[in-house]
Amino acid sequence: MIEKIISSGRTGTEKAALDAAIKLGMAYGGWIPKDASSPGGVKADHYNLTEMSTSRRIEALKKSIRESDGTLMLSHGTLSSHVKNTKNTIQRYSTPLLHVDLNSTNAFNAASLINDWLIDNDLNILHVTGPSENEDHKIYSATLDILQAVYFLNLTETSMNHSM
């Protein structure tokens, strides 16, 4: 069961993951590069993000990877070069990584796949990443919906297993 969601606070996938955690009453946080808060963007204090001493986003990503049990990456279709670089960095750490392309997997199947992956890998602290809103204007709402579905699917499954 996910106990905490972390990200580096980019708009889009990462902001949606933090908003899902807030909405579901889960622990949340992560790391943000120095001076990364911006008008209309993610506010470090609102999202319990710790500002790093460096402005290099890759350092915030590495910290999130090291502090999590695994990474969920959501996208619609082909990954941008930035998200591909993120995926390559995650793979170098040899932690569990699940990339779900929401163009080829419907929302219900995505939630079920993610839930099974979380259980199989016994993940408690989940790092969530993917495209920004500039790269994919549909990713925020898709991420928010899917993470909420995963949470309730996991609750249902856990309740059923305990009653059996």
Side-chain angles (χ1 to χ4, degrees), residues 1-32 36-49 57 60-61 64-65 67-80 82-87 90 95-162:
M1 176 78 159
I2 304 171
E3 296 172 4
K4 183 176 184 180
I5 291 179
I6 61 174
S7 81
S8 299
R10 290 181 62 212
T11 61
T13 310
E14 295 182 9
K15 183 178 181 216
L18 296 170
D19 285 339
I22 291 168
K23 192 171 186 179
L24 297 167
M26 297 173 62
Y28 59 93
W31 295 267
I32 191 167
S37 292
S38 62
V42 176
K43 304 284 188 230
D45 56 345
H46 177 73
Y47 287 102
N48 199 27
L49 299 170
R57 186 164 292 282
L61 172 64
S64 295
I65 295 166
E67 297 293 323
S68 68
D69 299 322
T71 299
L72 172 63
M73 178 179 278
L74 298 173
S75 70
H76 286 111
T78 305
L79 298 176
S80 68
H82 168 339
V83 179
K84 280 182 189 174
N85 289 337
T86 298
K87 188 174 183 178
I90 295 164
T95 61
L97 167 67
L98 177 63
H99 171 218
V100 180
D101 179 351
L102 300 174
N103 279 352
S104 61
T105 307
N106 69 44
F108 179 79
N109 287 340
S112 182
L113 175 69
I114 295 165
N115 185 55
D116 290 346
W117 175 74
L118 291 169
I119 292 167
D120 291 346
N121 289 283
D122 194 27
L123 303 181
N124 296 309
I125 301 174
L126 180 65
H127 170 231
V128 181
T129 192
S132 69
E133 284 181 314
N134 292 339
E135 296 168 313
D136 180 351
H137 68 280
K138 295 179 183 178
I139 198 65
Y140 176 90
S141 61
T143 300
L144 188 65
D145 292 345
I146 287 170
L147 288 177
Q148 290 178 97
V150 168
Y151 179 82
F152 291 113
L153 185 61
N154 189 269
L155 279 181
T156 303
E157 190 168 307
T158 303
S159 296
M160 289 176 64
N161 287 342
H162 285 304

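Applying the side chain to side chain donor-acceptor pair (under 3.5 Å) rule to pairs touching residues 102-112 yields nothing, sequence neighbours excluded.
The distance from the NZ atom of Lys138 to the CD atom of Glu133 is 14.0 Å, given to the nearest 0.5 Å.
Scanning for side chain to side chain contact (heavy atoms under 4.5 Å, CB included) contacts around His137 gives an empty result, with sequence neighbours left out. With sequence neighbours left out, Ala60 forms a side chain to side chain contact (heavy atoms under 4.5 Å, CB included) with Ser8, Trp31, Pro33, Met52. By the side chain to side chain contact (heavy atoms under 4.5 Å, CB included) test, Asn134 is found to be paired with Ser132, residues two or more places apart in sequence or in another chain being considered. Lys4 meets the side chain to side chain contact (heavy atoms under 4.5 Å, CB included) test with Ile6, Ala27, Ile125; sequence neighbours excluded. With sequence neighbours excluded, the residues satisfying side chain to side chain donor-acceptor pair (under 3.5 Å) with Tyr140 are Asp19.
The shortest side-chain heavy-atom distance between His99 and Leu79 falls under the 4.5 Å cut-off. A heavy-atom distance below 4.5 Å is found between the side chains of Thr86 and Leu61. Side chains of Ile2 and Asn154 form no contact here, defined as non-hydrogen atoms less than 4.5 Å apart. Contact annotation: the side chain of Val100 approaches that of Leu72 to within less than 4.5 Å [non-hydrogen atoms, C-beta and beyond].
With no hydrogens or angles considered, a side-chain donor-acceptor pair links Arg10 and His82 at under 3.5 Å.
Distance alone, capped at 3.5 Å, is enough to place a donor-acceptor pair between the Thr13 side chain and the Pro131 backbone.
Put simply, the residue from Val150, Leu144, Thr143 that forms a side chain to side chain contact (heavy atoms under 4.5 Å, CB included) with Ile146 is Val150.
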